[in-house]
Amino acid sequence: MTAELVRGQNHPLSRNRIEIRISADVPVVAGATLSDENGRVRGADGVAHPGAPTLPGIEVSRQAAAEHRLAVDLDAMPETVHRVNVLIALPAVPGGPFRFGALAAPRAAVTGLDGTEVAGYTLTGLDAESAVVALELYRRQAAWKIRAVGQGYAEGLTGLLADQGLPQAAELARGIQEAVARGLARSVPARTADTDRSRRTAASVTGPDLAGTAPAAGFPYDLQAAGDSAGRPAPSDGSVERGPTPDGGVPASGGPGVPAAAPTGGPVDYTHPKRRQTPRPPAPEAPAPADGPPPPVAGDAAGWSMDERLYNQVWGMFEDLARSTAAYRSALDFAESRMEKELDQLLSDPRSRLGSAGDAAREAAQARQAQLADQARAALDRDLAQLTAESEVVEPALAPAYARWDNPVWHGYRVPTEPPMAVRLGDLHLPESAPLRIPMLVRLPLERGLWVDSGVPDGSPFEEAGEVRHLALQTAVALAARLLAVHPAGEFGVQVIDPAGAGASAFAPLTGAGALDAPPATGAAGVAGVLGRLTERVDLVQMAVRGGASDALPAGLDTSRQLLVVNDFPHGFDDRAVTQLRYLADDGPDVGVHLLLVADREEAAAYGPLLVPLWRSLMRLTPVPDDHLADPWVGHAWTYEPGLVPPGSQVLQQVLTRVAAARTKRM
C-alpha cells in the first residue's frame with residue numbers, strides 16, 4: 001500500500017534499488033546530495049546534478065524536465081554516506097517562473113523498479129522558494145528509511161547548497177544552472193490534466209484573471225484516511241467552478257459534490273490526491289424530488305461495509321466544504337479585483353475622475369461588486385444547507401469510533417471485536433461555515449504520534465497557563481480513552497509517564513477504572529523504566545520483522561499496540577530519555593508503539609534545535625479551538641476543536657469500566 005507522507009514524516013524502505021520520480025507543471029532541475037552522519041556534503045563531488053549526473057549509487061537527469069526518474073541503488077552507496085537529499089529547483093531562465101508559489105505543488109514519489117509506488121509526498125506550502133529539498137533517504141541501524149522534508153530556499157540552489165555545508169555553493173549553483181541552460185531546449189514539457197489525470201497535485205485556488213498562488217501550508221497531520229480506501233464518486237475531471245464566468249456572472253453551484261462548469265483557466269482537481277474509487281454493488285437510485293436535491297442518507301458513499309461507507313462519506317463532506325468555500329473565496333477575490341480595475345481605469349481618465357459622471361461610474365462598479373458577492377454567498381449558502389442537512393443525518397448514525405462523546409451511541413457501548421478503520425480526534429470547521437462541524441477522522445493504526453499543546457495560544461480567553469494545561473490533560477485522557485475503547489480487549493494498552501505526578505487528578509478516570517497497563521510512572525526511575533521497556537520492545541520486534549522470525553519473539557513480550565502518554569514533557573527528561581523518546585516517535589509506529597505528548601513547546605525551548613525533529617514528526621492538537629491546520633488541496637486554515645467529554649457526563653467512566661472489565665475477563 002502506498003504511503004502518502006506529510007512534511008517531517010518518515011517511512012521504512014523494504015528494498016534498496018528504487019526510483020525517485022519527480023512530477024511538476026513546468027521543467028525543473030532534479031539532483032541529489034550525498035552527506036555524512038552530520039548532514040555535511042564532502043564537496044562538489046558529493047552532488048549529483050545535470051552537469052555531473054552520476055555518483056556511486058545514484059543517477060539523476062541530465063536536463064530540466066517536468067517529469068524525472070532518479071535511479072538509486074542504496075547497496076552501492078559508499079559507507080561514508082548516511083543521507084541522500086533529493087532536491088528540486090527552478091531553472092534560472094528569462095521569464096521564469098522564479099518561485100514555486102506560482103505553480104501547482106510538485107510531487108516526489110519513491111517507487112520500485114517495477115513502478116510500484118512505495119511512498120509519495122506532495123510539496124505543498126511553498127511560496128517564494130525556488131529550490132527545495134524534497135526527500136531524504138537516511139540510514140537507521142543498517143536499514144534505510146525515507147523522510148518527507150519539504151525545506152525550501154528563497155535564495156535558490158545557492159542557499160540550499162550552502163545550508164548543506166558546501167563552501168563554494170554559489171559557484172556550484174552557477175555551474176548547475178549553466179548545465180541546465182545548455183540542455184533546456186531539450187527539456188520535457190509538462191503534462192496537462194487532460195494527458196495525465198492520475199497525477200496527484202495540490203491545486204491552487206485562483207480566479208480567471210488572477211495569478212496563481214500556492215496553498216498556504218501543507219497539512220500538518222496525515223489525512224491518509226481520506227484516500228487509502230474508497231471515497232464518494234468524484235466528478236470525471238474533478239473540476240469545480242472557482243470564480244465568475246467570462247461574462248462577469250457567478251456560476252450556480254450544483255450543491256456539495258456536484259461541480260459547475262470548468263472556468264476558462266482550466267479545470268482544477270480538488271479531489272483528495274490519494275483517493276481511489278472502490279466499486280460497490282449497484283443500488284437502485286431513488287428518483288430525485290422535483291423541488292430540489294434528494295434528501296441525504298447516512299452511508300451513501302462507496303464501500304463494502306457501513307463503517308467504510310460512513311468513513312468515506314465524512315471525508316466526502318470535508319472535501320465538499322473545502323471546494324465550496326474555495327469557490328466562494330475565489331469569487332469574492334475576482335469581484336474585488338474587477339472593481340479595482342474599473343476604478344483604476346476611471347481614475348486614469350481626467351474626464352471621468354470628477355463630477356457626477358465619475359460618481360455614477362464608481363457607484364456602478366461598487367454595485368457590480370456587491371452583486372457578484374451576493375451571488376457567491378447565495379451559492380455557498382445553498383451548499384452549506386445541503387451539507388448541514390447531510391451532517392444532521394450522518395452524526396446520529398456514526399459508530400463510537402467516529403462519534404462525539406455526547407452521541408447516544410456511547411450509552412450502548414460494547415467492547416468491539418475488530419478495530420475500526422479510523423478514529424475521531426475532534427472537529428474541523430471554517431469561518432464561513434462556523435456552525436457546521438466536520439469530524440476529523442484519522443486512519444488506524446496511527447502513523448504519527450500526537451502532541452496536545454499545553455501552551456497558552458495567542459488570543460486565548462484563558463489568562464492562566466494552568467487552565468490550559470488542565471484542558472490539555474483532559475484532551476489527552478479523552479483521546480487515550482477513545483483509542484482504548486475502539487480496539488478489541490487486549491489489543492491496545494496505555495502507559496503513562498507523569499514525572500512530577502502533576503496530572504494525577506486528570507488521569508483518575510483511567511487509573512480508577514483499571515484501564516492502564518500500570519500506574520503512571522513518576523520520577524527519574526519511572527521515566528527510565530518505561531522508556532527502556534518500550535525501546536527494547538521496538539528493537540526486538542524490528543529485528544524479528546526484518547529477519548522474518550516473528551515467531552522467535554520472547555514468550556512474555558506483549559505484542560499488543562501501546563500508547564505512551566507523556567505529561568508535562570520535557571520536565572523530568574534527561575538527554576538519554578529525550579533520545580529514546582525521539583526513537584519511539586520515529587520507529588515506534590511501524591511496530592505498534594505510539595506517542596501522545598502533553599507539552600508546551602516554548603517551555604521546551606531550552607533544549608534548542610534538539611527537539612525540532614520530534615515536534616515536526618507529531619500531529620499537533622490543541623485543547624482550545626485553534627485555526628492551525630491547513631489542508632493540502634486548497635490551503636484553507638481549518639479550525640480544530642478537541643473532542644472533550646461534556647462537563648458532568650459519566651460516559652467516560654462507564655466506557656472505561658467496560659474496557660477494564662473486558663481486559664480482565666480476557667486475562
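The basis for the numbers below is simple: all heavy atoms, side chains too, and nothing from hydrogens, waters or symmetry mates.
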Inter-residue atom distance [X].[atom1] - [Y].[atom2], 0.5 Å rounding:
{"X": "Thr325", "Y": "His636", "atom1": "OG1", "atom2": "NE2", "result": "5.0 Å"}
{"X": "Leu321", "Y": "Glu319", "atom1": "CG", "atom2": "CD", "result": "11.0 Å"}
{"X": "Asp406", "Y": "Ser649", "atom1": "CG", "atom2": "OG", "result": "8.5 Å"}
{"X": "Arg620", "Y": "Leu629", "atom1": "CZ", "atom2": "CG", "result": "8.0 Å"}
{"X": "Leu618", "Y": "Leu595", "atom1": "CG", "atom2": "CG", "result": "6.5 Å"}
{"X": "Leu510", "Y": "Leu516", "atom1": "CG", "atom2": "CG", "result": "5.0 Å"}

With sequence neighbours left out, what residues match [X] under salt bridge (charged side-chain N to carboxylate O under 4.0 Å, His left out)?
{"X": "Asp381", "answer": "Arg377"}
{"X": "Asp586", "answer": "Arg140"}
{"X": "Asp374", "answer": "none"}
{"X": "Arg147", "answer": "Glu136"}

Please tell me if the side chains of [X] and [Y] come closer than 4.5 Å, counting only heavy atoms from C-beta onward.
{"X": "Leu425", "Y": "Leu450", "value": "yes"}
{"X": "Asp590", "Y": "Val545", "value": "no"}
{"X": "Leu444", "Y": "Leu483", "value": "yes"}
{"X": "Val651", "Y": "Val645", "value": "yes"}
{"X": "Leu644", "Y": "Trp405", "value": "no"}
{"X": "Phe318", "Y": "Asp631", "value": "yes"}

Got a sec, which residues hit side chain to side chain contact (heavy atoms under 4.5 Å, CB included) with [X], two or more places apart in sequence or on another chain?
{"X": "Asp307", "answer": "Ser305, Tyr402, Pro420, Met421"}
{"X": "Pro647", "answer": "none"}
{"X": "Pro416", "answer": "Tyr413"}
{"X": "Glu336", "answer": "Met339, Glu340, Gln369"}

Minimum heavy-atom separation for [X] to [Y], with atom names?
{"X": "Gly150", "Y": "Tyr121", "answer": "CA-OH, 3.4 Å"}
{"X": "Leu310", "Y": "Gly299", "answer": "CD2-N, 3.5 Å"}
{"X": "Ala148", "Y": "Leu135", "answer": "CA-CD2, 4.1 Å"}
{"X": "Val452", "Y": "Leu479", "answer": "CG2-CD1, 4.2 Å"}
{"X": "Leu380", "Y": "Ser324", "answer": "CD1-O, 3.9 Å"}
{"X": "Ala660", "Y": "Ala515", "answer": "CB-N, 4.3 Å"}

Main chain of [Y], side chain of [X]: is a donor-acceptor contact present, judged purely on distance under 3.5 Å?
{"X": "Gln9", "Y": "Val6", "value": "yes"}
{"X": "Gln313", "Y": "Ala301", "value": "no"}
{"X": "Arg309", "Y": "Ala302", "value": "no"}
{"X": "Ser337", "Y": "Asp333", "value": "no"}

(message) Please enumerate all residues that pass side chain to side chain donor-acceptor pair (under 3.5 Å) together with Arg561, with sequence neighbours excluded.
(response) His594
(message) Suppose we screen for side chain to side chain donor-acceptor pair (under 3.5 Å). Which residues come up paired with Thr417, at least two apart in sequence or across chains?
(response) none
(message) Using side chain to side chain contact (heavy atoms under 4.5 Å, CB included), reason through Asp626 and Tyr640 one step at a time and then give a plain yes or no.
(response) CA-CA 5 Å; Asp626 190 26; Tyr640 166 80; 5.8 Å; no
(message) According to side chain to side chain donor-acceptor pair (under 3.5 Å), does anything in residues 427-436 pair up with another residue at least two apart or in another chain? List the pairs.
(response) Arg329-Glu432, Arg424-Asp427, His429-Glu641
(message) Going by side chain to side chain donor-acceptor pair (under 3.5 Å), name the pairs with one or both residues in residues 471-493, residues two or more places apart or in two chains.
(response) His470-Gln474
(message) Determine whether Gln386 and Asp320 satisfy the following criterion, side chain to side chain contact (heavy atoms under 4.5 Å, CB included), listing intermediate values before the conclusion.
(response) CA-CA 10 Å; Gln386 181 69 14; Asp320 290 342; over 6 Å; no
(message) So, applying side-chain contact (heavy atoms from CB on, under 4.5 Å) with Leu436, which one of Leu430, Thr388, Leu428 is it?
(response) Thr388
(request) Could you tell me whether the side chains of Thr111 and Glu117 share a donor-acceptor contact shorter than 3.5 Å? (result) no
(message) Can you see whether Glu395 engages Asn407 through a side-chain donor-acceptor pair at a distance of less than 3.5 angstrom?
(response) no
(message) Using a 6.0 Å cut-off, check whether atom CD of Gln654 has over 12 heavy atoms from anything other than its own residue.
(response) yes
(request) Evaluate side chain to side chain contact (heavy atoms under 4.5 Å, CB included) for Glu4 paired with Glu447, printing each intermediate quantity in order. (result) CA-CA 11 Å; Glu4 188 68 17; Glu447 292 192 359; over 6 Å; no
